[in-house]
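Labels below follow one simple rule: chain letters A, B, ... track the order of the sequence lines, proteins then strands, and each chain is numbered from 1.
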There are 2 protein chains.
Amino acid sequence: MPATERRELILEAAAKVFGERGYVGATTDAVAREADVSQPYVVRMFGSKAALFEAVLTRSLDRLLAMFRDAAAAFEEERATDPETELALCIGRNYVDLLRDRGILLSLMQAFMLGADPEIGPVARAGWMRVYRCLRDEIGLTSEEVVGILDRGMLINTLVGLRLAADWDDPDVSEMITTAMPQKAGIVRALADERG
Amino acid sequence: MPATERRELILEAAAKVFGERGYVGATTDAVAREADVSQPYVVRMFGSKAALFEAVLTRSLDRLLAMFRDAAAAFEEERATDPETELALCIGRNYVDLLRDRGILLSLMQAFMLGADPEIGPVARAGWMRVYRCLRDEIGLTSEEVVGILDRGMLINTLVGLRLAADWDDPDVSEMITTAMPQKAGIVRALADERG
DNA sequence: GTCTATACCCAGATAGAC
DNA sequence: GTCTATCTGGGTATAGAC
């Protein structure tokens, strides 16, 4: 298999493992197992665990920003037929779609929680501000609108990190998820079911 | 020193370290250093690192719920003189005050991000739902209001985890923090300054 | 109640074969 | 490009003295 393809496979596996266990809790061995290669190969390809994590963050951030741009484009298109449509809703819709690959949002979130780390902190802050500037300058939102998008986003990330949907049977749980993601609760439930 | 006092001292140190580095990244040695005791003593007192983490979570959750109740009481009192006052604002005010001890909110947040862990996950989900039920049943908010409180809370937790205020000089950073916490940006900045 | 010394395990990284 | 074998460091936990 060509190295570029293997690389993408490993990055995807790594995003999942880092997202689930955090930077320190994730082992290169677990990543290797997930990608069906040997542990030394993972280290070899990226140089170190830290470098692998940075590569994962770059990839995740690129995907996230691409999603925002896609959502903005979809919004423009939709507005032609429905002048009542809202950008925030379009973004919310695409955000939940991103959750199909939980590693993308959760690996970023894990990095955000390590701001006190001298190596990861600066990278995480820079990444966060790229998100902020993308929404404000490229998508054209006001700072209030951006914060409104981000805070619901962080709540959703937390619910996903918690695996709260695993307790869907608890009526309080389903009530809270449905309230937080009204348009998309069905998908969340289905994803939780199929993944246990 | 009596054991109960030492215990509280160690719990406070542990909350800080777990909040900064996450469950796996935190070492019992770092906790011990922070509390000025030996590493084996920390393990001895709580039995294991896992048990220590659970004790930290219990303590953090108790503090958080107590804060909500205090805020609700303050709201009732305030409403006597100012009928325009809002509960969400009272809670927001007290929430930021909790940040003086970042360990409380960040250790909880780190647990929330480990929902996939078979040991920590159930504890984290149960803790989260205690928060939800407290706000809904004891404080008397609707589920929409609770979600509105929680999403801004999760954004603030993320900003604190990021140590974003460290980059206050960046005008985009100060704009975003001021937008997210209008009443309290001054305090956040002051805390960031004094702690570097 | 608190320490020092240490056993033991596990994870990241390297060497080197194929 | 990819593996097996292995070195090494560091972190939890235990033993046992004071």
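Taken residue by residue, residues 36-48 of chain A places heavy atoms nearer than 4.0 Å to DNA chain C at A:Gln39, A:Pro40, A:Val43, A:Arg44, A:Ser48. Within residues 106-123 of chain B, no residue approaches DNA chain C, by heavy-atom distance under 4.0 Å. In the region residues 26-34 of chain B, proximity to DNA chain D at under 4.0 angstrom, judged on heavy atoms, holds for B:Ala26, B:Thr27, B:Thr28, B:Asp29. Taking a 4.0 Å limit (strictly below) on heavy-atom distances, residues 3-23 of chain A does not reach DNA chain C anywhere.
Look at A:Asp29 and A:Arg33 and you find a salt bridge, because one of the NZ, NE, NH1 or NH2 atoms lies within 4.0 Å of a carboxylate O, short of that distance. Comment: B:Arg63 engages B:Glu8 in a salt bridge, judged by a side-chain N to carboxylate O separation of less than 4.0 angstrom. A salt bridge links A:Arg163 to A:Glu20: one of the charged nitrogens lies within less than 4.0 Å of a carboxylate oxygen.
For the pair B:Lys16 (side chain) and B:Glu34 (backbone), a donor-acceptor distance under 3.5 Å is absent. Side chain of A:Arg102 to main chain of A:Gly19: no donor-acceptor pair is present (N/O by atom type, distance under 3.5 Å, no hydrogens or angles). Side chain of B:Glu145 to backbone of B:Thr142: a donor-acceptor contact under 3.5 angstrom is found. Put simply, the side chain of A:Arg125 gets close to the backbone of B:Leu162: a donor and an acceptor are under 3.5 Å apart. Although no hydrogens or angles enter the test, the distance criterion places no donor-acceptor pair under 3.5 Å between the side chain of A:Glu78 and the main chain of A:Thr85.
In this structure, the side chain to side chain contact (heavy atoms under 4.5 Å, CB included) partners of B:Ser107, at least two apart in sequence or on a different chain, are B:Ala15, B:Phe18, B:Val56, B:Ser60. Scored by the side chain to side chain donor-acceptor pair (under 3.5 Å) test, A:Asp151 finds B:Arg152 as partners (sequence neighbours excluded). Residues passing the side chain to side chain contact (heavy atoms under 4.5 Å, CB included) test with A:Arg7, sequence neighbours excluded: A:Leu11, A:Met45, A:Phe46, A:Ala55. Applying the side chain to side chain contact (heavy atoms under 4.5 Å, CB included) criterion to B:Val24, with sequence neighbours excluded, gives A:Val24. A:Glu5 is linked by a side chain to side chain contact (heavy atoms under 4.5 Å, CB included) to A:Met1, A:Pro2, counting only residues two or more places apart in sequence or in another chain.
Screening residues 169-182 of chain A for side chain to side chain donor-acceptor pair (under 3.5 Å), with sequence neighbours left out, gives A:Asp170-B:Arg133, A:Asp172-B:Arg133, A:Asp172-B:Arg136, A:Glu175-B:Tyr132, A:Glu175-B:Arg136, A:Thr179-B:Ser143. Residue pairs meeting the salt bridge (charged side-chain N to carboxylate O under 4.0 Å, His left out) criterion with at least one member in residues 103-118 of chain B, sequence neighbours excluded, do not occur.
Taking 4.0 Å as the cutoff to heavy atoms of chain A, we find the contact window on DNA chain D bounded by D:dG1 to D:dA5.
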